[in-house]
Amino acid sequence: MQLNTEIDGDLLIVTVGEDRVDAAVALDFKERMRDLTQDAPARVVLDLGHVRFLDSSGLGAVIGAMKQLGSRRRLELAGLNPAVQKVFRLTRMDSIFVIHDDIASARETRGNPPLDTTRSAHAC
Amino acid sequence: MRADRTIRGRTGRAETSPPAHQKSVELRLVFPCDKMNVRAALQNTMAGLGAMHLSDDDRSTIELVLAEVLNNVSKHAYRDEPQGLIELHLSQNTSGLRCRVVDRGDPMPGMHLPPGPLPESHCATKDQPEGGFGWYLIHHLSRELNYMRDGNRNMLTFRIETAQVLRKN
């Protein structure tokens with residue numbers, strides 16, 4: 001599982017370098033994310049721009065990666081392809097993540113983004 | 001006329017010779033149930049469905065439903081043991097794709113099709129569900145979903161509707 005990291009100010013950007021986040025790599029993904037985000041700043045952005053396919057195991061691993069960050073840090077998503085976006089939309093998990101169109105717009109958002117700059121629709 | 005496209009083998013290597021006047025696509029794959037073979041089978045299946053000229057949206061729906069069904073067989077019917085075989089049969093009909101998945105693993109709990117409620121999302125991060133989405137997606141994206149235990153075999157049949165319809169001549 002290829003995950004590349006980059007620190008940009010108060011952001012940790014993790015780029016998934018593979019085209020599938022599925023049952024075959026879900027556990028590996030979650031464990032790698034735990035290692036990579038151990039000393040992460042308050043915002044972690046997961047760049048899914050290369051990912052063409054994500055199944056429910058992959059979705060569970062992304063949610064797990066978010067939970068691993070605890071309540072003081074936040075996992076945001078960027079660059080969802082239509083097939084990946086569909087899984088988040090159908091399961092309504094698009095409402096619990098801040099989702100950026102691409103990594104550039106994630107970089108432009110500094111501090112706590114107001115909700116109207118994202119597609120997030122928090123129900124709480 | 002029916003085109004017969006058969007794919008078999010460890011990673012589902014294609015043995016195809018579609019006739020000249022191909023109108024419908026039919027695929028059959030038999031493969032071991034471990035996760036890497038499931039992944040390879042899915043990729044071969046999607047390549048084999050190329051002749052259906054599906055939209056990207058339909059392709060991603062088909063790949064997602066098949067992935068959920070096959071991973072469920074791998075994880076639950078065969079309990080993550082790599083020996084079991086999965087048989088996948090797909091045939092194009094006028095409204096989409098008819099699918100049949102057969103395995104010789106454990107039966108479904110209570111011999112019934114699991115229900116597919118959407119796991120509830122919570123306000124608190126720590127309470128978010130990480131699983132239980134698979135059957136929701138299968139129920140939500142398929143039609144005529146049916147499970148049957150036949151001797152020592154599980155048989156799951158369903159249909160996936162596609163926007164691209166097969167023209168009848």
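Excluded from the calculations below are hydrogen atoms, water molecules and symmetry mates; all remaining heavy atoms, backbone and side chain alike, are included. Each chain gets a letter, A, B and so on, in the order the sequences are listed, and its residues count up from 1.
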So, the part of A:Thr91 with a heavy atom under 4.5 Å from chain B: the answer is both
Residues passing the ring-ring contact (aromatic ring centres under 6.0 Å, His included) test with B:Tyr78, sequence neighbours excluded, are none
Turns out that what part of B:Leu137 lies under 4.5 Å from chain A's heavy atoms comes down to side chain
Given the options A:Gln85, A:Arg52, A:Lys86, B:Ser60 meets side chain to side chain donor-acceptor pair (under 3.5 Å) only with A:Lys86
The interface call for B:Asp57 against chain A, heavy-atom contacts under 4.5 Å, is both
Worksheet item: Does a side-chain heavy-atom distance below 4.5 Å link B:Ser91 with B:Leu97?
Response: no
If one checks every heavy atom of B:Thr61 against chain A at 4.5 Å, the contacting part turns out to be both
Ranked by heavy-atom pairs below 4.5 Å to chain A, first place among B:Ser74, B:Gly131, B:Gly132, B:Pro129 goes to B:Pro129
In B:Ile62, B:Leu88, B:Leu70, the residue satisfying side-chain contact (heavy atoms from CB on, under 4.5 Å) with B:Thr45 is B:Leu88
Honestly, the part of A:Leu59 sitting under 4.5 Å from a heavy atom of chain B is side chain
Cut-off 4.5 Å, heavy atoms of chain A, and the answer for B:Gln43 is side chain
Bottom line for B:Gln128: the part with an atom under 4.5 Å from chain A's heavy atoms is both
Tell me which donor-acceptor pairs under 3.5 Å the side chains of residues 33-42 of chain A have, and how far apart each pair is, sequence neighbours excluded?
residue, atom, partner, partner atom, Å
A:Arg34, NH2, A:Gln68, OE1, 3.3
A:Thr37, OG1, A:Met33, O, 2.6

_Donor-acceptor pair between B:Glu161 and B:Ser95 side chains, under 3.5 angstrom_ = no
Applying a strict 4.5 Å limit to non-hydrogen atoms, the region of A:Leu69 in contact with chain B is neither
| message | Can you tell me if B:Arg149 has over 12 outside heavy atoms packed within less than 6.0 Å of its CZ? | response | yes
Interface check, chain B: of A:Arg92, A:Met66, A:Arg20, most non-hydrogen pairs under 4.5 Å belong to A:Arg20
